[in-house]
Amino acid sequence: QVQLVESGGGLVQAGGSLRLSCAASGRTFRSYGMGWFRQAPGKEREFVAAIRGSDFRTYYQDSVKGRFTISRDSAKNTVYLQMNSLKPEDTAVYYCAAGAGTPNEYGYDYWGQGTQVTVSS
């Protein structure tokens, strides 16, 4: 069993930055790939970024490439999402997930409760 707790969301102006954190419980963290997904009001949940557990290969949605960076600290059982040059369209609830570490959300077994990110124009 893995429990995930996100933090770091908030309100930021367009062009600003935020760093989301996802703290994972359990000794098996290193074996899991990790992903970030988001869901905006009235829209389906979508993939944002992921990092595999085996080789730390990363994946990004095209709209966040060059602006967002996913990373993980195995010693702290934590995965991060550094978000720079934020845009109003990045506004959403951001979810952390543990599983395959690839863009397909059906490959994830555990999900956090989400953290709100709001970008004002």
Side-chain angles (χ1 to χ4, degrees):
Q1 189 78 6
V2 176
Q3 292 185 327
L4 305 172
V5 179
E6 303 99 332
S7 62
L11 174 64
V12 64
Q13 289 188 332
S17 298
L18 283 174
R19 188 177 80 158
L20 304 183
S21 299
C22 174
S25 65
R27 294 178 293 178
T28 59
F29 174 75
R30 295 189 182 200
S31 66
Y32 282 94
M34 301 297 294
W36 286 98
F37 294 79
R38 67 187 180 187
Q39 187 167 21
K43 296 187 177 181
E44 293 186 352
R45 186 165 59 191
E46 65 176 3
F47 167 74
V48 176
I51 183 167
R52 297 200 311 197
S54 56
D55 57 6
F56 287 19
R57 179 179 175 179
T58 57
Y59 303 83
Y60 294 95
Q61 185 197 111
D62 285 346
S63 69
V64 307
K65 284 181 181 177
R67 300 189 298 123
F68 291 12
T69 302
I70 188 171
S71 61
R72 62 191 296 163
D73 185 335
S74 296
K76 296 182 178 180
N77 279 11
T78 300
V79 63
Y80 303 98
L81 185 68
Q82 178 66 45
M83 305 186 295
N84 299 327
S85 302
L86 283 161
K87 305 176 181 180
E89 51 263 43
D90 294 318
T91 295
V93 176
Y94 283 70
Y95 297 91
C96 169
T102 57
N104 187 345
E105 68 173 278
Y106 296 105
Y108 291 84
D109 302 309
Y110 303 100
W111 293 82
Q113 293 300 305
T115 185
Q116 176 70 48
V117 171
T118 302
V119 184
S120 64
S121 57

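- Looking only at side-chain heavy atoms (C-beta outward), E105 and E44 stay at 4.5 Å or farther from each other.
- Contact record, S120 with L11: CB-CD1, 4.3 Å, taken as the closest heavy-atom pair.
- The minimum heavy-atom distance linking V93 with G114 is given by the pair CG1-CA, 3.9 Å.
- Closest non-hydrogen pair, Y110 versus Q1, comes out as OH-CA, 3.6 Å.
- With ring centers used as reference points, F47 lies 6.0 Å or more from Y59.
- Between F56 and I70, the closest side-chain pair of non-hydrogen atoms is not below 4.5 Å.
- To the nearest 0.5 Å, atoms OG1 (T115) and CG (L18) are separated by 9.0 Å.
- The two atoms that bring P88 and A14 nearest to each other are CD-CB, 4.1 Å, heavy atoms only.
- Checked by atom type and distance alone, the side chain of E6 pairs as donor or acceptor with a backbone atom of Q113 at under 3.5 Å.
- Around the CD atom of Q3, the shell of radius 6.0 Å holds no more than 12 heavy atoms that belong to other residues, nucleotides or ligands.
- For residues 31-83, the set of pairs meeting the disulfide (SG to SG under 2.5 Å) definition, not counting sequence neighbours, is empty.
- Interatomic distance, S63 OG to F68 CZ, rounded to the nearest 0.5 Å: 7.5 Å.
- Taken from CG in L20 to OH in Y95, the straight-line distance is 13.0 Å, to the nearest 0.5 Å.
- One finds no salt bridge joining D90 and K87 here, because no Lys/Arg side-chain nitrogen approaches an Asp/Glu carboxylate oxygen to under 4.0 Å.
- A pairwise comparison of heavy atoms in A98 and V2 identifies CB-CG1, 4.4 Å as the closest pair.
- Atom-to-atom distance recorded for M83:CE and W36:CH2 is 8.0 Å, nearest 0.5 angstrom.
- Taking each heavy atom of Y60 and T69 in turn, the nearest pair found is OH-CA, 3.4 Å.
- Side-chain atoms of Q116 and T91, non-hydrogen and from C-beta on, do get closer than 4.5 Å to each other.
- At least one donor-acceptor pair under 3.5 Å links the side chain of Y108 to the backbone N or O of T102.
- Atom CG of N84 sits about 11.5 Å away from atom CZ of R19, to the nearest 0.5 Å.
- To the nearest 0.5 angstrom, Q61 atom CD is 9.0 Å from R67 atom CZ.
- Clustering ILVMFWY residues whenever any of their side-chain heavy atoms sit less than 4.5 angstrom apart, transitively, puts V64 in a cluster other than the one holding F37.
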